[in-house]
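Numbering of residues begins at 1 and proceeds along the displayed sequence. Worth knowing before you read on, the calculation uses all heavy atoms, side chains too, and leaves out hydrogens, waters and symmetry mates.
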Amino acid sequence: MPTDRTRLILKTTAATLALAGSAALLAGAALLWSGWYNVGSTDQHLQPVHSLLEKAMHRSVRHHAREVVAPALDDAARIGRGAQVYIRNCQQCHGGPGVSPEDFGKSIQPVPGPLVDAARRWKPRELYWITRHGIKMTGMPAWEFHLADDDLWNVVAFMQQLPRLTPRDYAAYVALQGAAR
C-alpha cells in the first residue's frame, strides 16, 4: 500500500499534467480561433510547425508506400519517357539540373524542393507514392488522375537519374522533349 507521501506525489503529478494539458489545449484553441497564425502562401511556416509537418509527411509517405512494389527502373527507354513526363509536368515547379522553376512554382508555399536529390532521400516506391497521391496543402497534385500508372513509374525512373545528370545532360533531354512536340 502506498504511503501518504507517495499518494501526494502521484496526485500532484497527475494534477500538474492535467493542468499543463488543459493549458496547452486552451492555447491551441486560442491560436486556432483568433486567426493569428498566418496561413497565407506569402509567409513561411514557423520553424517548429514546418519541422512537425515535414516529419509527419515523411512518416506518412513511408507508411503508405511500404507495400508498393517497384518495377525495373533502369531501362533507357523508360528513363527517356520519364524525362518527357518530368519536363512536361514537374520542371515548372521543381526545376532541373541547370533549370530554375517557373515563377509560379517559386510562389507555392512550402516552396517545392528541387528533385535533383530526391532519389537520395526517398526510395523509388516512396517517390511513386508521392507522385501518384500528391501531398496535402503543398501544391503537389495527385498525378494519378492525370497520368497513366506506367508514366508515374517512368518519371520515378528518371528521378533516379537526376542526381547523376549535369546541366548539359539535362539540356539534352529538354531538347529531345522540344523536338518530340
Checklist entry - Which residue pairs pass the salt bridge (charged side-chain N to carboxylate O under 4.0 Å, His left out) test with at least one member in residues 58-73, sequence neighbours excluded? => result R62-E126
Item to check | Close side-chain approach of D149 and L152, heavy atoms under 4.5 Å | outcome: yes
Checklist outcome for this item: Residues V155 and V85: closest non-hydrogen pair is CB-CG1, 4.0 Å
Checklist entry - Regarding Q161 and Y86, is there a side-chain donor-to-acceptor distance under 3.5 Å anywhere? => result no
Item to check | Interatomic distance, M159 atom CE to L165 atom CG [nearest 0.5 angstrom] | outcome: 12.5 Å
Next on the checklist: Assess whether a salt bridge exists between R120 and D117, defined as any Lys/Arg side-chain N lying under 4.0 Å from an Asp/Glu carboxylate O.
Outcome noted: no
Checklist outcome for this item: Between Y173 and A83, the two heavy atoms sitting closest are CD2-CB, 3.3 Å
Next on the checklist: Test of understanding: clusters of I, L, V, M, F, W, Y form through side-chain heavy atoms closer than 4.5 Å, transitively. Do V116 and L73 belong to the same one?
Outcome noted: no
Next on the checklist: Could you report the tightest heavy-atom contact between G82 and F158, atom names first, then the distance?
Outcome noted: C-CB, 3.6 Å
Checklist entry - Atom NE2 of H94 and atom CG of L162: how far apart are they, to the nearest 0.5 Å? => result 11.0 Å
Checklist entry - Among side-chain atoms of R81 and Q84, is any donor-acceptor pair under 3.5 angstrom? => result no
Checklist entry - Is there side-chain contact between L8 and D4, with heavy atoms separated by less than 4.5 Å? => result no
Item to check | Polar contact flag, side-chain donor to acceptor under 3.5 angstrom, T6-T3 | outcome: yes
Next on the checklist: Just verifying a value: how many Å separate L19 CG and T12 OG1, rounded to the nearest 0.5 Å?
Outcome noted: 12.0 Å
Item to check | Over all atoms of both residues, closest heavy-atom pair of V68 and R125 | outcome: O-CD, 3.5 Å
Next on the checklist: Within the structure provided, determine whether Q160 and V156 are in side-chain contact (heavy-atom separation under 4.5 Å).
Outcome noted: yes
Checklist entry - Below 4.5 Å, heavy atoms only, C-beta onward: do T166 and P97 meet side chain to side chain? => result no
Item to check | Sub-4.5 Å side-chain heavy-atom contact between W122 and V61 | outcome: yes
Checklist entry - Any chain of hydrophobic side-chain contacts (each under 4.5 Å) joining W36 to L53? => result yes
Checklist entry - Does a side-chain heavy-atom distance below 4.5 Å link P71 with R78? => result yes
Checklist entry - Just checking, any donor-acceptor pair under 3.5 angstrom between side chains of H45 and Y37? => result yes
Checklist entry - Between C93 and P101, what is the shortest heavy-atom contact and its length? => result O-CB, 3.3 Å
Next on the checklist: Let's go through R164 and D169 carefully: what are the C-alpha distance in whole Å and the side-chain angles of both, what is the deciding distance for salt bridge (Lys or Arg N to Asp or Glu O under 4.0 Å) to 0.1 Å, and is it a yes or a no?
Outcome noted: CA-CA 9 Å; R164 295 185 282 279; D169 296 333; over 6 Å; no
Quiz: residues 138-148 side-chain donor-acceptor pairs under 3.5 angstrom, not counting sequence neighbours:
| from | atom 1 | to | atom 2 | distance (Å) |
| --- | --- | --- | --- | --- |
| T138 | OG1 | I135 | O | 2.8 |
| T138 | OG1 | M140 | N | 3.1 |
| E144 | OE1 | R132 | NE | 3.4 |
| E144 | OE1 | R132 | NH2 | 3.2 |

